[in-house]
Amino acid sequence: GGGEGWGGGEEGMQDPKRAAEMFIESYEKQYQCATNEGGGGGGTGARPRPRFLPLSFQEATRLAAREHKFLVVYLHAPLHEHTPSFLSQTLNTDTLTSFLDDNLLVWGGSIHSADAYHTSQLLDASAFPFLALLACHNPPHLTVLEHMEGLGSGGEGGWEGGLGVEGVLQRLTAAMARQQELLARQEAAVRERAERVRLQEEQNREYQEALEADRRREADLAAERERAREEEERERRREGEAKEEEERKRREAAEMILM
């Protein structure tokens, strides 16, 4: 399996970002691979490799959260007997690297570095090779959607449990679909709650508008009744004044006759 160049004391002492960069450089040199763009140290004819993020694990989770993408984590055990065959038959293949590059962000690290070692503890990795699919929501809140570990060699038939390229792809896509379905249900529930709130507010507004209209009508009716009462009062006064005037004229006429 080899890997003596991995994880010396110097790498363990590096800051996480530099450790990630060293991992990528050493990975390309040891396994003669490069990204699908052809960059890196693989050179012409190099095998493909995932586009590992040259970031600390924490930075990778924040990037995944910002970009609303799933994060695949590969924990590299350089001295493990199954690591070389897993890389050559599964991880460093056109099919898997193309899928990862097109759909996901990928972070990798040697478990001999402090950052990847701490990540292995966080993800409870107990066997290698190790792959995990994470949903990153406002880190440090992470959800492990799928993990595959101890992918022992199964010869030409692929890895134990059928986890060759197709098996890994199937488990990744199934986990992504489950999460997207869950998110769709959660978003639908949020929309439903928002619609209920909107309808309640609309009903409250219509009720308040109806109350206000009733108050205005009642005020208009009261004002109309007051105007009618005042007009009736004026009419009574006019009638009273007219009667008094008529009575005065009768008295004057009677006085003239008596004279």
According to side chain to side chain contact (heavy atoms under 4.5 Å, CB included), who are the partners of Thr143, at least two apart in sequence or on a separate chain? Ala135, His137, Leu145

If I compare all heavy atoms of Ala116 with all of Gly109, which pair ends up nearest, and what's the gap? CB-C, 3.6 Å

Can you name the residues that form a side chain to side chain contact (heavy atoms under 4.5 Å, CB included) with Asn103, not counting sequence neighbours? Phe99, Met176

I'd like to check the salt bridge (Lys or Arg N to Asp or Glu O under 4.0 Å) partners of Arg205; sequence neighbours left out, ordered by chain and number. none

From the list Lys249, Lys243, Arg251, side chain to side chain contact (heavy atoms under 4.5 Å, CB included) partner of Glu247 resolves to Arg251

Those residues at least two apart in sequence (or on a different chain) that pass salt bridge (Lys or Arg N to Asp or Glu O under 4.0 Å) with Glu201 are none

What is the ring orientation for Tyr27 with Phe52, classed by angle as parallel under 30°, tilted 30 to 60°, or perpendicular over 60°? perpendicular

For Ala64, is there any backbone N or O sitting under 3.5 Å from a side-chain donor or acceptor partner on Glu67? no

Please list every donor-acceptor pair under 3.5 Å in which a side-chain atom of residues 215-228 meets a protein atom from a residue at least two apart or in another chain.
{"from": "Arg215", "atom 1": "NE", "to": "Glu212", "atom 2": "OE1", "distance (Å)": "3.2"}
{"from": "Arg215", "atom 1": "NH2", "to": "Glu212", "atom 2": "OE1", "distance (Å)": "2.8"}
{"from": "Arg217", "atom 1": "NH2", "to": "Asp214", "atom 2": "OD1", "distance (Å)": "2.0"}
{"from": "Glu218", "atom 1": "OE2", "to": "Arg225", "atom 2": "NH2", "distance (Å)": "3.3"}
{"from": "Glu224", "atom 1": "OE1", "to": "Arg227", "atom 2": "NE", "distance (Å)": "3.4"}
{"from": "Glu224", "atom 1": "OE1", "to": "Arg227", "atom 2": "NH2", "distance (Å)": "2.4"}
{"from": "Glu226", "atom 1": "OE1", "to": "Arg229", "atom 2": "NE", "distance (Å)": "3.3"}
{"from": "Glu226", "atom 1": "OE2", "to": "Arg229", "atom 2": "NH2", "distance (Å)": "2.6"}

Between Arg234 and Glu231, is the closest basic N to carboxylate O distance under 4.0 Å? yes

For Leu211, which fellow cluster members are found when Ile, Leu, Val, Met, Phe, Trp and Tyr are connected by side-chain heavy-atom distances below 4.5 angstrom, either directly or through intermediates? Tyr207

What pairs with Glu245 under salt bridge (Lys or Arg N to Asp or Glu O under 4.0 Å), at least two apart in sequence or on another chain? Arg248

Keeping Arg171 on the side-chain end and His147 on the backbone end, is there a donor-acceptor pair under 3.5 Å? yes

Atom pairs and distances, side-chain donor-acceptor, residues 187-195, under 3.5 Å, sequence neighbours left out:
{"from": "Glu192", "atom 1": "OE2", "to": "Arg196", "atom 2": "NH1", "distance (Å)": "3.1"}
{"from": "Glu195", "atom 1": "OE1", "to": "Arg198", "atom 2": "NE", "distance (Å)": "3.1"}
{"from": "Glu195", "atom 1": "OE2", "to": "Arg198", "atom 2": "NH2", "distance (Å)": "2.6"}

Between His80 and Phe128, is there a donor-acceptor pair closer than 3.5 Å when you use the side chain of the first and the backbone of the second? yes

My understanding is that only residues two or more places apart in sequence, or in another chain, count here; which of them pass side-chain hydrogen bond (donor to acceptor under 3.5 Å, both in side chains) with Gln186? none

Applying ring pair (Phe, Tyr, Trp, His ring centres under 6.0 Å), name anything that partners Phe57, two or more places apart in sequence or on another chain. Trp107

Partner of Glu28 by salt bridge (charged side-chain N to carboxylate O under 4.0 Å, His left out), out of Arg51, Arg49, Arg47: Arg49

With sequence neighbours excluded, tell me which residues meet side-chain hydrogen bond (donor to acceptor under 3.5 Å, both in side chains) with Thr93. none

Taking only residues two or more places apart in sequence, or in another chain, which ones meet Glu21 in a salt bridge (Lys or Arg N to Asp or Glu O under 4.0 Å)? Lys17, Arg18

Is Glu235 salt-bridged to Arg238, cutoff N-O under 4.0 Å? yes

